[in-house]
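The structure presented is a predicted model; accordingly, all values stated were derived computationally and were not measured.
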Amino acid sequence: MKLWKTILAAATLSLAAATSAFAARTDLTLGIVLEPPHLDPTAGAAAAIGEVTYANVFEGLTRIDDNGQVQPALAESWAVSDDGKVYTFKMHSGVKFHDGSAFSADDVKFSLDRARAKDSLNPQKQLFAHITDVTAVDPATVKVTLDGPQGSFLYDMGQVAAVIVAKGSADGNKDKPIGTGPFKLDHWAKGSEITLVKNPDYWGTPAALDKATFRIVPDAAAAVPALLSGDIQAFANMPAQDALGQVQSDPRFSVVIGSTEGETILSINNKKPPFDKLAVRQALASAIDRSAIIAAASNGLGKPIGSHFSPGDAGYVDLTGVYPHDIAKAKAYLKEAGLENGFSATIKLPPVPYARDGGQVIQSQLKEIGVDLQIIPVEWAEWLSQVFTNKDYDLTIVSHVEPNDIDIYSRPGYYFQYDNPKFNDVIKQLGTTVDKDKRLELLGEAQKILAHDVPAVYLFELPKIGVWDAKLQGMWTNWPIEADDLTKVKWTD
């Protein structure tokens with residue numbers, strides 16, 4: 001009898017071990033191309049900040065889901081006054097920040113007042129420009145008053161830069177982010193990886209993952225080997241380049257091609273001669289062959305655009321035919337500008353493959369019309385400082401991934417240095433228009449003005465090339481905002 005008990009106990013242990021061995025794993029390592037400069041989405045424009053922190057570490061009043069729709073977040077519900085100027089938000093109860101402090105309406109008031117303050121460093125400060133008052137009615141209720149109806153207000157409150165932070169920890173969020181999300185920061189090994197762990201005190205549905213590590217993989221050539229070796233199990237947007245076919249043919253991986261809000265453009269410094277002349281900008285637009293750039297810079301997967309708008313959005317107007325590829329016409333535009341012999345210029349290219357690869361193609365294409373373009377590679381910190389902040393550039397290539405951001409061309413001092421009062425007026429009307437059909441009409445008008453004026457040469461909409469382990473579920477197909485939302489990600493058995 002004693003022997004049978006021993007055998008039975010051993011069998012039980014063996015079965016338990018086998019069950020444990022086949023249990024779904026709860027850790028994930030994702031590859032990301034760019035390391036964020038810091039981890040505070042309310043204090044930096046770099047999209048990589050939101051890619052790591054949005055919905056994972058920080059939350060807003062509302063949130064944008066994977067279909068680009070507005071959903072409740074910290075606010076469980078809201079009511080809008082008849083005149084469209086007052087929003088009353090009801091907060092979830094029992095919410096805590098990662099440091100254990102309680103979340104309340106006072107944190108919402110602090111965050112919104114901070115974002116709209118005169119000295120605000122928020123990269124999307126314009127989202128809060130129409131707020132005239134924020135009142136914490138009680139610990140669970142916030143009333144936000146606007147200067148007029150705003151058709152996109154609930155969407156704006158779900159954007160990356162609109163997350164809610166606590167007064168006591170706000171100043172330290174760049175290195176030690178304290179949010180209310182289902183994950184919290186475990187450690188950040190600069191230049192290598194950022195690791196998040198499950199928040200055991202999360203107020204909402206707990207995450208399935210116990211740990212998520214964002215591994216920095218800036219070199220496209222290293223991405224595929226990292227996947228094949230198992231060191232990385234997912235890329236939300238993989239720099240696959242020519243190796244995409246290799247991964248697509250491997251049954252261990254899911255390859256999901258989706259869309260982004262990333263308008264990839266040849267940005268122009270509109271106040272710097274000779275780019276202050278419309279004919280010069282028209283010459284650049286006519287000299288560009290989008291198809292060749294798309295083939296080189298996006299695996300042939302990018303969708304051509306003729307203005308600053310995503311083809312996936314309802315208001316999109318196809319304006320790619322405004323300046324078709326026409327070398328003879330491009331030379332005629334230069335002659336009109338008094339530059340028939342061409343000119344020299346520089347193009348500053350950030351480290352992402354679409355910019356570096358696309359820049360070489362553009363250099364070759366512009367040479368056909370006598371434009372001698374010198375390529376200057378820069379790192380992201382240099383790009384943000386030199387190009388975006390100080391406007392020290394002629395041309396550059398970048399993807400603008402913020403959703404519904406056509407209004408950037410109306411912002412005073414924005415790095416394009418473009419100013420058209422007619423365009424500004426259309427954007428002003430758009431901001432106060434709630435009627436859906438009228439909004440679409442205004443969006444179309446805004447796109448047509450940009451297509452004609454060429455404050456930038458519009459190249460393609462950046463594709464989202466998702467590659468991950470076939471046993472992984474819950475990754476976003478599309479990027480309505482650039483975020484690696486892990487709240488529903490889990491492994492199957």
Side-chain angles (χ1 to χ4, degrees), residues 64 67-69 126 150-152 155-156 159 257-268 270 278 281-291 293-294 297-298 301-326 329-330 333 354 358 397-411 414 416 418-464 478-482:
I64 311 303
N67 295 312
Q69 301 300 307
Q126 75 287 343
Q150 295 296 315
S152 62
Y155 189 98
D156 290 345
Q159 291 205 42
I257 309 300
S259 62
T260 74
E261 288 288 327
E263 288 80 33
T264 306
I265 63 177
L266 176 67
S267 301
I268 302 172
N270 283 245
L278 174 60
R281 302 195 301 273
Q282 291 172 318
L284 298 184
S286 300
I288 295 300
D289 179 1
R290 292 186 183 91
S291 61
I293 297 168
I294 290 170
S298 72
L301 299 171
K303 294 182 179 180
I305 55 173
S307 186
H308 198 101
F309 217 78
S310 169
D313 290 346
Y316 174 73
V317 179
D318 184 357
L319 297 166
T320 52
V322 174
Y323 297 107
H325 180 225
D326 188 331
K329 187 65 174 177
Y333 280 128
Y354 69 76
I397 298 176
V398 72
S399 283
H400 280 261
V401 298
E402 294 80 8
N404 304 323
D405 64 345
I406 196 169
D407 69 298
I408 57 179
Y409 295 88
S410 68
R411 299 179 192 173
Y414 203 71
F416 302 128
Y418 166 74
D419 185 18
N420 182 333
K422 183 179 178 182
F423 179 83
N424 296 345
D425 182 61
V426 172
I427 294 301
K428 185 176 181 180
Q429 292 182 59
L430 180 65
T432 58
T433 299
V434 177
D435 180 78
K436 183 178 180 180
D437 291 338
K438 181 61 176 177
R439 285 182 62 81
L440 293 177
E441 178 186 331
L442 291 168
L443 284 170
E445 187 176 348
Q447 291 172 68
K448 291 173 184 176
I449 293 173
L450 294 183
H452 172 268
D453 285 1
V454 204
V457 179
Y458 302 99
L459 305 175
F460 63 89
E461 198 72 13
L462 195 69
K464 181 178 179 295
N478 302 311
W479 256 358
I481 56 174
E482 190 165 342

### Query
Is the backbone N or O of Gly262 less than 3.5 Å from a side-chain atom of Glu461, with the two atoms forming a donor-acceptor pair by type?
yes
### Query
Between the side chain of Asn420 and the main-chain N/O of Lys422, is any donor-acceptor distance below 3.5 Å?
yes
### salt bridge (charged side-chain N to carboxylate O under 4.0 Å, His left out): pairs with one or both residues in residues 400-411, sequence neighbours excluded
Asp407-Arg411
### Over 12 non-hydrogen atoms of neighbours within 6.0 angstrom of NZ in Lys464
yes
### Message
Please give me the minimum heavy-atom distance between Phe460 and Gly302, naming the atom from each residue.
### Response
CD1-CA, 4.0 Å
### Query
Under 3.5 Å, is there a donor-acceptor pair between the side chain of Asp289 and the main chain of Ser291?
yes
#### Entry: Shortest non-hydrogen contact from Thr260 toward Leu462
OG1-O, 2.5 Å
## Note on the structure
Between Asn478 and Gly258 the two heavy atoms that sit nearest each other are OD1-CA, 3.2 Å
### Heavy-atom check, side chain of Leu459 versus side chain of Ile294, under 4.5 Å
no
### Minimum side-chain heavy-atom gap Ser152-Arg439 below 4.5 Å
yes
### Task
Give, for atom NE2 of His400 and atom CD of Glu261, the distance between the pair rounded to the nearest 0.5 Å.
13.5 Å
### Task
Measure from the side-chain N and O atoms of Arg290 to the backbone N and O of Pro304, and report whether any donor-acceptor pair falls under 3.5 Å.
no
### Task
Could you pull out the closest heavy-atom pair between Pro403 and Ile481, with the gap in Å?
CG-CG2, 3.4 Å
### Query
Do any N or O atoms from the side chain of Gln126 and from the backbone of Ile408 form a donor-acceptor pair under 3.5 angstrom?
no
### Task
Go through the steps to decide whether Tyr418 and Phe423 satisfy the test side-chain contact (heavy atoms from CB on, under 4.5 Å), and finish with yes or no.
CA-CA 10 Å; Tyr418 166 74; Phe423 179 83; 4.1 Å; yes
### Task
Might you work through the side-chain contact (heavy atoms from CB on, under 4.5 Å) test for Ile288 and Ile293, ending with a clear yes or no?
CA-CA 8 Å; Ile288 295 300; Ile293 297 168; 3.4 Å; yes
#### Entry: Student check: side-chain heavy atoms of Glu445 and Leu430 closer than 4.5 Å
no
### Task
Taking atom types as modelled, find out whether Thr433 and Asp435 have a side-chain donor-acceptor pair closer than 3.5 angstrom.
no
#### Entry: Heavy-atom side-chain contact between Val457 and Ile265 under 4.5 Å
no
### Task
Go through the structure and list residues passing side chain to side chain donor-acceptor pair (under 3.5 Å) with Glu263, not counting sequence neighbours.
His308
### Query
Heavy atoms, side chains only, cut-off 4.5 Å: are Tyr323 and Lys329 in contact?
no
### Task
Could you tell me if the ring centre of Phe416 sits under 6.0 Å from that of Tyr409?
yes
### Distance-minimising heavy-atom pair for Ser410 and Ile427
OG-CG2, 3.6 Å
### Query
Side-chain contact, heavy-atom cut-off 4.5 Å: Asn270 with Arg281?
yes
### Task
State, with a plain yes or no, whether a side-chain heavy atom of Ser286 is found less than 4.5 Å away from one of Tyr333.
yes
### Query
Would you say the side chains of Asp419 and Asn424 form a donor-acceptor pair under 3.5 Å?
yes
### Query
Looking only at heavy atoms, what is the nearest atom pair of Leu443 and Ile406, with distance?
CD2-CG2, 4.2 Å
### Query
For Leu278 and His452, what are the C-alpha separation, side-chain angles and deciding distance, and is it a side-chain contact (heavy atoms from CB on, under 4.5 Å)?
CA-CA 9 Å; Leu278 174 60; His452 172 268; 3.9 Å; yes
### Side chains of Val398 and Tyr354 in contact at under 4.5 Å (non-hydrogen atoms)
yes
### Task
Kindly compute the distance separating CG (Leu319) from CD1 (Ile449), expressed to the nearest 0.5 Å.
11.5 Å
### Task
Could I get the full list of side chain to side chain donor-acceptor pair (under 3.5 Å) partners for Asp425, not counting sequence neighbours?
Gln429
### Message
Is it the case that the side chain of Ser399 and the backbone of Val401 share a donor-acceptor pair, with hydrogens and angles ignored and the cut-off at 3.5 Å?
### Response
no
